[in-house]
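The block underneath contains the structure these notes are about, expressed in structure tokens.
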Amino acid sequence: MYMNLLNFISQYPDEESCIIKFKETREQIGITCSKCGSGKHKWLKKRIEFECKGCGKRISLRNGTILEGSHLPFKYWFVAIHLLTSTKKSFSALELQRQLGHNRYEPIWQMLHKLREVMGKRDDRYQLTEIIELDDGFFTTVTPDKEKGKPLKRGKGSQRKSKVVVLVESKPLDGEKTKKGKQRKVGYIKMIVVDNLKGTNINEIVSNHLKGGSVIETDDSKSYKTLRDLDVKHQPQVIPKEKVNEMLPWVHIAISNAKRLLLDVHHDIQPDFLQNYLNEFCYKFNRRYFGEKLFERLLTACVTEFN
Ligand SMILES: [Zn+2]
């Protein structure tokens with residue numbers, strides 16, 4: 001179960017309760033003074049700052065976290081983290097701006113993108129293992145008019161396709177089948193936007209995101225030929241078009257679910273931000289059994305993953 005809205009409101013009813021929680025989160029992780037290296041700090045409640053007990057240097061509560069540089073109240077961040085970790089699909093910055101009753105779009109949009117960046121950084125720590133289905137997908141994005149030397153009009157731009165490499169841990173089940181009749185069980189997933197599908201790009205992704213010795217299943221595309229240079233067991237297969245959902249089942253389910261979600265919620269995605277939306281999709285998918293703990297996890301990552 002996810003934390004529901006009423007629980008969230010009763011735990012974090014106002015700015016002060018959010019500040020206290022954020023302060024406690026930082027204290028749990030530990031604060032180190034950048035001047036003298038001391039780990040002991042006094043809390044200055046009125047100033048919303050820590051003061052180093054060693055040298056007296058002050059550190060604002062936002063400093064060194066995802067909130068650094070943001071002028072939005074803590075409660076906005078808490079609402080955003082709550083919604084990002086409790087909604088099954090997603091929501092647009094415009095929707096959140098309306099719900100918060102905030103007068104400007106840009107800061108809300110930036111806040112959500114920073115949170116999605118953190119989700120990506122958190123998932124980057126995990127390397128896929130055992131059997132991995134690998135394929136690429138083409139996601140619809142837009143090129144803003146300004147990139148073509150024309151003045152920018154919000155929401156206007158020409159469509160193009162962005163290339164995404166998708167990796168899914170997919171373990172065979174002995175004898176049993178999942179609900180949808182699949183012979184495999186899905187673990188963690190990753191989606192990585194790339195400029196092109198050349199072997200060097202694919203190899204770099206595989207070396208960074210997979211544990212050595214993993215088994216990789218792909219089709220027989222040219223992009224995957226150089227995988228043999230790596231410490232993985234590559235199993236390319238000639239896959240007829242009509243068999244693709246059968247032979248690499250989970251990677252195609254993941255691609256089509258992500259495409260549908262992006263299309264439903266976000267319109268006119270710019271190529272530079274596609275990775276962030278995919279980060280959110282993968283982060284939620286990878287933690288689909290975390291339940292209420294997910295809020296705290298993302299809050300912690302807002303402190304630990306931002307430097
Ligand atoms: Zn100090």
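Sequence positions, counted from 1, serve as the residue numbers for this chain. Both ligands and their constituent atoms are indexed starting at 1 by order of listing.
- Side chain of R297 to main chain of K293: no donor-acceptor pair is present (N/O by atom type, distance under 3.5 Å, no hydrogens or angles).
- Side-chain atoms of K75 and Y12, non-hydrogen and from C-beta on, never get closer than 4.5 Å to each other.
- In this pair, H113 and F273 present their aromatic rings tilted. The plane angle is within the 30 to 60° band.
- Enclosure of atom CD in E204 is not indicated, since only 12 or fewer non-hydrogen atoms of other residues, nucleotides or ligands lie within 6.0 angstrom.
- K163 forms no cation-pi arrangement with F138, by the criterion of a distance under 6.0 Å to the ring centre and an angle within 45° of the ring axis.
- K45 is linked by a salt bridge (Lys or Arg N to Asp or Glu O under 4.0 Å) to E16, counting only residues two or more places apart in sequence or in another chain.
- Neighbouring protein atoms of the Zn ion (ligand 1) (N, O or S, distance under 2.8 Å, waters ignored): C33 SG, C36 SG, C52 SG, C55 SG.
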